[in-house]
Amino acid sequence: MDNEKEIMSDVSAEETQLSAAEDTRGQWFVVHTLSGHEKKVRDSINRQIKQDDQVGVYEAYIPEEKVEDIRMGVKKVTTRKFFPGYILVRMDLYDEEGLVNQNAWYFVRSIQGVMGFLGNANKPKPLPPEEVVHVLRPPEAPRAKGQFKVGDVVSIKDGAFKCVEGKVISVDPERGKLMLEVDTFGRLTPIEFEFWQVEHVV
């Protein structure tokens, strides 16, 4: 069942990218959703559009990227949302006179899980064209999770050195490992960790 859901999500994303390239109607707006309800809201909007395609709402989309993670020597590719808690909706929110299209407005706001539009509550702004190009770009090769580089200061989140900070002195992306310089008993010691065992210091 889970595999079927993943396949349906992939198909939905591919269809959205295809339709975005062919259909230029409307503008893209950012819609705030309940945390964890992004896909449910997207699917509900797209399903409702098929039942009423004259409302001025054309599609909902979740910007995502593939992230490659190596844990315990096993490589795994997962999908990460660019903007957790938000989706994009392509719609004609304003008419030719710049007034809010009430049908489109309430169509989106009535979807269960929608919190509202991002920005001015009464007059949200659409995404600039350059940002649209960025978030709708075709998926790239999986990005290595973490993106660590020599000189980064990270915090260890697993094992005997949990909560200790260290400086990255070497990175091995193929193996998903890095070498940290860690202070042990007043002496800097190089210790190897896997990517998943550390995180960037905020």
Side-chain angles (χ1 to χ4, degrees), residues 1-69 75-145:
M1 184 64 71
D2 290 340
N3 290 337
E4 291 179 0
K5 289 182 179 179
E6 291 178 2
I7 292 173
M8 289 177 65
S9 296
D10 291 341
V11 171
S12 179
E14 291 173 0
E15 289 178 345
T16 298
Q17 289 163 0
L18 179 61
S19 63
E22 297 177 344
D23 191 343
T24 59
R25 294 175 298 171
Q27 296 172 298
W28 287 96
F29 291 84
V30 180
V31 174
H32 186 198
T33 71
L34 289 172
S35 179
H37 286 63
E38 299 91 348
K39 289 186 178 181
K40 183 177 180 181
V41 170
R42 178 201 63 188
D43 293 344
S44 294
I45 291 176
N46 287 336
R47 186 167 53 250
Q48 291 288 346
I49 290 172
K50 292 181 179 180
Q51 298 175 8
D52 183 3
D53 60 359
Q54 302 299 314
V55 75
V57 179
Y58 308 114
E59 66 177 305
Y61 176 64
I62 301 175
E64 297 176 325
E65 67 172 340
K66 292 182 179 179
V67 178
E68 186 179 85
D69 191 13
K75 185 180 293 186
K76 182 180 180 181
V77 176
T78 58
T79 300
R80 184 186 73 86
K81 298 179 182 67
F82 275 133
F83 315 114
Y86 297 91
I87 67 170
L88 301 183
V89 178
R90 183 165 59 85
M91 59 191 296
D92 283 321
L93 185 56
Y94 302 107
D95 60 23
E96 295 180 355
E97 298 179 356
L99 300 177
V100 173
N101 176 347
Q102 297 295 329
N103 288 334
W105 174 277
Y106 287 111
F107 179 94
V108 174
R109 292 291 280 113
S110 65
I111 298 294
Q112 186 175 1
V114 168
M115 303 293 289
F117 288 88
L118 183 66
N120 189 309
N122 298 316
K123 198 172 180 63
K125 291 185 179 180
L127 280 178
E130 59 273 16
E131 290 190 29
V132 172
V133 171
H134 173 68
V135 297
L136 295 182
R137 71 184 187 278
E140 302 173 349
R143 177 179 64 82
K145 187 175 182 179

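F107 is listed as a side-chain neighbour of Q48, based on a closest heavy-atom distance under 4.5 Å. The shortest distance between side-chain heavy atoms of F83 and V135 falls below 4.5 Å. Here the side chains of L93 and Q27 are not in contact, with every heavy-atom distance at 4.5 Å or above.
To the nearest 0.5 angstrom, T33 atom OG1 is 12.5 Å from K39 atom NZ. To the nearest 0.5 angstrom, Q112 atom CD is 4.5 Å from K40 atom NZ. A distance of 6.5 Å separates CE of M91 from CZ of F29, quoted to the nearest 0.5 Å.
Residue F117 forms a side-chain contact (heavy atoms from CB on, under 4.5 Å) with just one option from V30, V89, V108, and that option is V108.
Qualifying ring-ring contact (aromatic ring centres under 6.0 Å, His included) partners for Y86, counting only residues two or more places apart in sequence or in other chains: H32. Applying the salt bridge (Lys or Arg N to Asp or Glu O under 4.0 Å) test to R47 and every residue at least two apart in sequence or in another chain returns nothing. The side chain to side chain donor-acceptor pair (under 3.5 Å) test applied to D52 returns no partner, not counting sequence neighbours. With sequence neighbours excluded, the residues that form a side chain to side chain donor-acceptor pair (under 3.5 Å) with Y58 are D92. Checked against side chain to side chain donor-acceptor pair (under 3.5 Å), R109 has no partners two or more places apart in sequence or in another chain.
For the pair A60 and I87, the tightest heavy-atom approach, listed with the atom from each and the gap, is CB-CD1, 4.2 Å. Nearest heavy atom pair, residue I49 against residue E59, reads CD1-N, 3.5 Å.
More than 12 heavy atoms of other residues, nucleotides or ligands sit less than 6.0 Å from atom CD of Q51.
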Give the table of side-chain donor-acceptor pairs shorter than 3.5 Å for residues 123-133, with sequence neighbours excluded, one pair per line with atom names and distance.
from : atom 1 : to  : atom 2 : distance (Å)
K123 : NZ     : G98 : O      : 2.9

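Of the possible polar contacts, one joining the E38 side chain to the G85 backbone as a donor-acceptor pair under 3.5 Å is found.
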